[in-house]
Protein chains: 2
Amino acid sequence: MDDHTDQTRKPRADAVRNRERVLEAAKLVFNAGGPEASLEAVAKRAGVGIGTLYRHFPTREALFEAVYRREVEQLSELAEQLKNAKDPIEALRRWLHSGVEFVATKKGMMAALALAVQSGSELHAFSFERLTKAIGSLLNRAVAAGEMRADISPEDLLRAFFGMCYVHDQPGWQATALRLLDVFVAGLRVPPPGKAKARSSKTTKPAAKRKP
Amino acid sequence: MDDHTDQTRKPRADAVRNRERVLEAAKLVFNAGGPEASLEAVAKRAGVGIGTLYRHFPTREALFEAVYRREVEQLSELAEQLKNAKDPIEALRRWLHSGVEFVATKKGMMAALALAVQSGSELHAFSFERLTKAIGSLLNRAVAAGEMRADISPEDLLRAFFGMCYVHDQPGWQATALRLLDVFVAGLRVPPPGKAKARSSKTTKPAAKRKP
DNA sequence: TGAAGATACGGAGGCTGCCTCCGCTTAACA
DNA sequence: TGTTAAGCGGAGGCAGCCTCCGTATCTTCA
């Protein structure tokens, strides 16, 4: 909608410019000061009034969304590329590792994602779905190849990933996260058939619900 | 200390009473409203002035600490008990599962822990060390029994645990967390000797630094 | 090119929460 | 019961959130 041939006025040049400035400033400020950073600081840095900021982005989350939407897309595209790799499990592992690096270079990113996972914001709907799809494609391939257990859903994996990155402001978190993810991936491998200790199914849920 | 025979005045009864009231109120308010809840709301609920609250607990974190110290202790004692279980890996798994349940029943708890992990607060020093020790004792036993890989430190494991609980306000997070922890524990098992695919050591760090 | 009208700007101002400070109150002690 | 240290409470200063509206600027059309 909004698409009807009504002559829609060309958007004002200053509005476009200001929107861009705010976005740029927000990226810097959020990356430096975390997701709690003052929006007035963002406005000041952008050289616009606070009112202008709020008109373009009526909520803090709206601003987050605008800033990090592109980043999420990049991460998701990476999965697309990795689908061509030979070893499916290795591909998954690589993606997770890339994710860590991604988070590392964009300090505000993790905060944004965290916020998105927790609250039911707009950004959630978008990035959660997008990343789930990305992970799902890698996951399915590995499962289909018979190398990976089938009772873990893409959502599960995504949450595990978030969780591992959760400690992202401890010193050395990056090495930790990589190590933890490796353990996790190891746990995802199907146990070698003859060797598996049957484990009580008390806690191993029948199967993760999977998007049909 | 504080123990010297100097005649120390008995603490005033009203002070003791108020401190208790604030703690009680804080528990309620934090559990309901999360860790961001207004301290003035806490004071109001406790029926004391805001000044009184701040005298007893000069920072938000100090209040958190006082509220959740006991909880952390309980969790850590559970590890002590589990040390007598037969299967060391199973014991570890049980502890982790109990942790999930623990977090589930005390809504404010996770927030407190999360806050503790992230910021370098007092509560961090206390609970992180305490829980690390708890996990460490379970971990070491499993490693010593030769059932578990030795390149994961207690700190790593603790962080993984936090991470898995991180999604604790999504619906159904509990089942998810349990599933993820099971995968993780599976990944911790030493690979059956003859079967292990040698994995490039590119990312498998030499060994986690371990408290000497 | 210039006038008209739509659109956007910006910051004052109201609100809430954080935290400090200090005059008053009250409990402990002799 | 008087003295005095300990404790109380809330006023007040500060900062950030968000709204509202008078003013400025841009687009459009003649």
- Main-chain N/O of V48(A) paired with R21(A) side-chain donor or acceptor, under 3.5 Å: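 Between the backbone of V48(A) and the side chain of R21(A) there is no qualifying donor-acceptor contact (under 3.5 Å).
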- Would you check if the side chain of S76(A) reaches a backbone N or O of V72(A) as a donor-acceptor pair within less than 3.5 Å?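 No; judged by distance alone, with no hydrogens or angles, the pair does not exist.
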- Query: With respect to the phosphate group of dA8(C), does any side-chain polar atom (N or O) of N18(A) fall under 4.0 Å of OP1 or OP2?
  - Reply: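 It does not, given that no N or O in the side chain of N18(A) lies less than 4.0 Å from OP1 or OP2 of dA8(C).
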- Would you say a side-chain N or O of S38(B) is under 4.0 Å from OP1 or OP2 of dC18(C)? yes
- Task: Please step through side-chain hydrogen bond (donor to acceptor under 3.5 Å, both in side chains) for the pair T59(A) and E61(A), ending with a clear verdict.
- Result: CA-CA 5 Å; T59(A) 68; E61(A) 264 128 30; 4.9 Å; no
- Message: Counting only side-chain heavy atoms from C-beta out, which of dA8(C), dG16(D), dC18(C) sits nearest to E40(A)?
- Response: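 The answer is dG16(D).
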- Task: Can you figure out which of dC18(C), dT27(D), dC18(D) approaches the side chain of R9(A) most closely?
- Result: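 Closest nucleotide among those given: dT27(D).
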- Members of residues 19-28 of chain A that approach DNA chain C, where some heavy atom sits under 4.0 Å away: none
- Task: Decide side-chain hydrogen bond (donor to acceptor under 3.5 Å, both in side chains) for S38(B) and E40(B); before the verdict, give the C-alpha distance in whole Å, the side-chain angles of both, and the deciding distance to 0.1 Å.
- Result: CA-CA 5 Å; S38(B) 152; E40(B) 316 217 325; 5.5 Å; no
- 5'-most contact on DNA chain C (nearest-nucleotide basis), P11(B) vs A37(B), goes to A37(B)
- Task: Quick one: list whatever passes side chain to side chain donor-acceptor pair (under 3.5 Å) with R12(B), sequence neighbours left out.
- Result: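 Counting only residues at least two positions away or on another chain, R12(B) forms a side chain to side chain donor-acceptor pair (under 3.5 Å) with D14(B).
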- Starting at CG of L39(B) and ending at P of dG10(D), how long is that distance when rounded to a whole Å? 16 Å
- Query: What is the distance from CG of D14(A) to P of dT27(D), rounded to the nearest Å?
  - Reply: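 Whole-Å distance recorded here is 7 Å.
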- Query: About how many Å separate CZ of R94(A) and CG of L82(A), when rounded to the nearest 0.5 Å?
  - Reply: 6.0 Å
- Message: How long is the straight-line distance from CZ of F102(A) back to CG of L78(A), given to the nearest 0.5 Å?
- Response: 8.5 Å
- Taking atom types as they are modelled, is there a donor-acceptor pair under 3.5 Å from the base of dT26(C) to the side chain of R12(B)? yes
- Query: Quick check: are there more than 12 heavy atoms from other residues, nucleotides or ligands sitting under 6.0 Å from CD of E20(A)?
  - Reply: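 Open: at most 12 neighbouring heavy atoms sit under 6.0 Å from CD of E20(A).
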- Task: Please check if atom CD in Q74(B) has more than 12 non-hydrogen atoms from other residues, nucleotides or ligands closer than 6.0 Å.
- Result: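 Enclosed: over 12 neighbouring heavy atoms sit under 6.0 Å from CD of Q74(B).
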- Selection: residues 44-57 of chain B, any non-hydrogen atom under 4.0 Å of DNA chain D: V48(B), G49(B), I50(B), G51(B), T52(B), R55(B), H56(B)
